[in-house]
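Below: the structure, in structure tokens.
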Amino acid sequence: MTPPGLPTAMERPHFIGIGGAGMSGIAKILAQRGAEVAGSDARDSETAQALRAHGATVHIGHAAAHLAADSTCVVVSSAIRSDNPELARAAELGIPVVHRSDALAGLMDGLRPIAVAGTHGKTTTTSMLAVSLSALGLDPSYAIGGDLDAPGSNAHHGEGDIFVAEADESDRSFHKYTPQVAIILNAELDHHANYASMEEIYESFETFVAKVVPGGTLVVAHGQAGAAEIAARVAGNEGLRVVTYGEEEAADVRITKITPRGLTSEVTVVIDGRMLTFTVSVPGRHYAHNAVAALAAGVALGIPAHNLASALGKYTGVKRRLQLKGEAAGVQVIDSYAHHPTEMSADLEAIRGAAGDSRILVVFQPHLFSRTQELGKEMGQALALADSALVLDIYPAREDPIPGITSEIIIASARATGADVTAEHEKDAVADVIAGMAKPGDLVLTMGAGDVTDLGPQILARLSS
């Protein structure tokens with residue numbers, strides 16, 4: 001097929017925050033399609049360097065002068081504040097401002113999109129689809145919220161007719177997409193700055209499902225309460241085919257067995273009356289479920305189940321999703337993006353299953369004041385699954401502090417369960433503290449959505465010395 005052309009508005013786009021996980025992927029695809037891409041970010045990074053290798057101009061820091069007067073649009077995410085100097089300059093010059101989700105929706109035009117939604121597991125499931133479809137020679141386009149391996153590997157402009165994308169519910173931006181196949185992995189209360197209740201979450205997901213093209217498919221988790229509630233609400237949608245997956249007898253795609261094998265799993269499913277067994281190269285039940293969701297979505301697009309099941313074995317993980325960073329002095333250091341209590345519990349249970357008798361030491365950095373305010377107690381309870389944990393100060397990201405909301409909420413909750421948890425206010429001290437605690441055979445988990453990921457190499461270096 002002929003690849004989609006470049007919309008006129010996207011010929012010379014300027015991205016504010018171009019190094020972000022979602023923004024950089026869109027910028028890369030536009031550059032690969034021939035756009036003159038420019039943008040700015042708060043700091044230089046490997047992602048910025050990867051974009052430069054694709055011909056993009058990346059400025060460091062935010063300044064009005066960075067925005068070229070002949071830019072055809074300015075692309076922003078919900079994280080960009082209204083007082084950003086480049087945004088103000090765009091208003092002065094009359095340059096249209098486009099939300100990231102609108103830009104991504106434009107890239108999907110004319111293709112067969114799979115949109116992956118859910119409170120947890122989007123990046124992993126999108127990555128599984130991107131890797132397996134690529135392994136089958138289908139050359140899909142994709143936009144993922146994390147790197148597969150090398151910096152900048154979070155997106156690709158393919159020659160095939162499939163586009164796989166994460167569908168982010170956090171700011172309701174997933175309402176912009178019109179997928180042929182939608183996946184809902186789960187639905188839980190999160191993103192408290194934008195959603196006040198589960199009812200609001202349900203309504204938002206219903207709007208997302210309503211955008212599936214006529215004759216399209218919704219793939220939805222059978223056994224997850226929030227996803228099942230959405231499936232029930234949309235069951236009468238005209239022209240929508242609903243396919244459920246899970247371990248329950250009533251699931252359309254039924255998982256009959258998940259066998260842990262160290263840091264991998266073997267999964268057996270029954271799909272369209274046929275039994276298939278395949279390998280998932282990351283540990284844990286929740287990753288096995290993600291793989292089955294990917295399988296069901298691919299089959300909904302007409303890809304033979306046995307081919308896709310085999311190709312799913314090519315997936316070897318994505319950065320920050322239980323990623324092994326290295327080993328030193330007999331201690332393995334693993335990085336986890338988990339920042340919601342459900343994700344934290346799932347990753348700790350997966351590692352516990354793979355660790356045997358080894359101790360699990362966690363360095364946890366809470367992400368957002370609002371999330372800690374609402375879910376801090378549950379985060380502490382999740383940390384009780386570790387043998388010992390250090391809890392850092394809250395990573396604010398886009399938020400201003402909330403009076404009285406600190407990591408102490410998490411620590412108090414964890415200690416109430418009898419957990420061994422310590423506060424650590426100095427990030428630079430973590431490597432020394434962990435090196436003093438860790439013994440050969442231990443597993444160290446750096447956990448959180450902020451810059452706690454930077455500590456893995458520091459811990460390894462300190463253990464080595």
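Residue numbers run from 1 in the order of the sequence given.
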Can you tell me how far apart [atom1] ([X]) and [atom2] ([Y]) are? Round to the nearest 0.5 Å.
X	Y	atom1	atom2	answer
Ser141	Leu107	OG	CG	8.5 Å
Asp454	Ile459	CG	CD1	11.0 Å
Leu133	Lys314	CG	NZ	14.0 Å
Ser153	Ile144	OG	CD1	7.5 Å
Ser40	Asn84	OG	CG	6.5 Å
Arg352	Leu443	CZ	CG	9.0 Å

Which heavy atom in [X] sits nearest to a heavy atom in [Y], and how many Å separate them?
X	Y	result
Ala297	Val181	CB-CG1, 3.9 Å
Ala386	Val362	CB-CG2, 3.6 Å
Ile410	Pro366	CD1-CG, 3.4 Å
Met128	Asn290	SD-C, 3.8 Å
Thr126	Ala143	CG2-O, 3.9 Å
Ala311	Leu136	CB-CG, 3.8 Å

Arg241 atom CZ, neighbour heavy-atom count above 12 within 6.0 Å: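 No, CZ of Arg241 has 12 or fewer neighbouring heavy atoms, counting only those of other groups under 6.0 Å.
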Taking [X] for the side chain and [Y] for the main chain, is one N or O donor matched with an acceptor at less than 3.5 Å?
X	Y	answer
Arg112	Gln180	no
Asn154	Ala21	yes
Glu378	Pro341	no
Gln365	Asp451	yes
His66	Gly61	yes
Asp252	Thr244	yes
Thr372	Leu368	yes
Lys122	Gly118	yes
Asp272	Arg274	no
Thr72	Ala9	yes

Is the shortest side-chain heavy-atom distance between [X] and [Y] below 4.5 Å?
X	Y	answer
Ile230	Tyr202	yes
Gln224	Leu185	no
Ile80	Glu86	no
Tyr177	Ser101	yes
Tyr395	Val452	no
Met10	Val98	yes
Met379	Leu383	no
Glu36	Glu11	no

Worked verdict on Thr119 versus Ile201 for side-chain contact (heavy atoms from CB on, under 4.5 Å): CA-CA 10 Å; Thr119 313; Ile201 295 271; 5.7 Å; no
CA sep, side-chain torsions, deciding dist, call: Asn237, Glu206, side chain to side chain donor-acceptor pair (under 3.5 Å): CA-CA 10 Å; Asn237 286 23; Glu206 284 182 82; over 6 Å; no
Test: [X] and [Y] ion pair at under 4.0 Å:
X	Y	value
Glu349	Arg285	no
Glu188	Arg371	no
Asp41	Arg52	no
Glu266	Arg261	yes
Arg172	Glu200	yes

[X] and [Y]: side chain donor to acceptor below 3.5 Å:
X	Y	result
Asp347	Ser336	yes
Glu247	His289	yes
His156	Asp139	yes
Asp335	Thr453	yes
Tyr287	Ser265	no

Apply side-chain contact (heavy atoms from CB on, under 4.5 Å) to the pair Phe208 and Val234, showing each step before the final yes or no. CA-CA 11 Å; Phe208 166 65; Val234 304; over 6 Å; no
Centre-to-centre under 6.0 Å for His120 and His340, is that the case here?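 Yes, close enough.
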Under the criterion side-chain contact (heavy atoms from CB on, under 4.5 Å), I'd like the reasoning laid out for Met198 against Glu229: C-alpha separation, chi angles, the key distance, then a yes or no. CA-CA 11 Å; Met198 273 309 299; Glu229 171 66 21; over 6 Å; no
With side-chain contact (heavy atoms from CB on, under 4.5 Å) as the test, would you mind laying out the steps for Val116 and Leu129 before giving the verdict? CA-CA 10 Å; Val116 183; Leu129 277 162; 4.2 Å; yes
Side chain to side chain donor-acceptor pair (under 3.5 Å) between Thr268 and Thr277, intermediate numbers included: CA-CA 4 Å; Thr268 300; Thr277 298; 2.9 Å; yes
Steps toward ring-ring contact (aromatic ring centres under 6.0 Å, His included) verdict (Phe174, Phe205): CA-CA 9 Å; Phe174 68 161; Phe205 274 91; 5.2 Å; yes
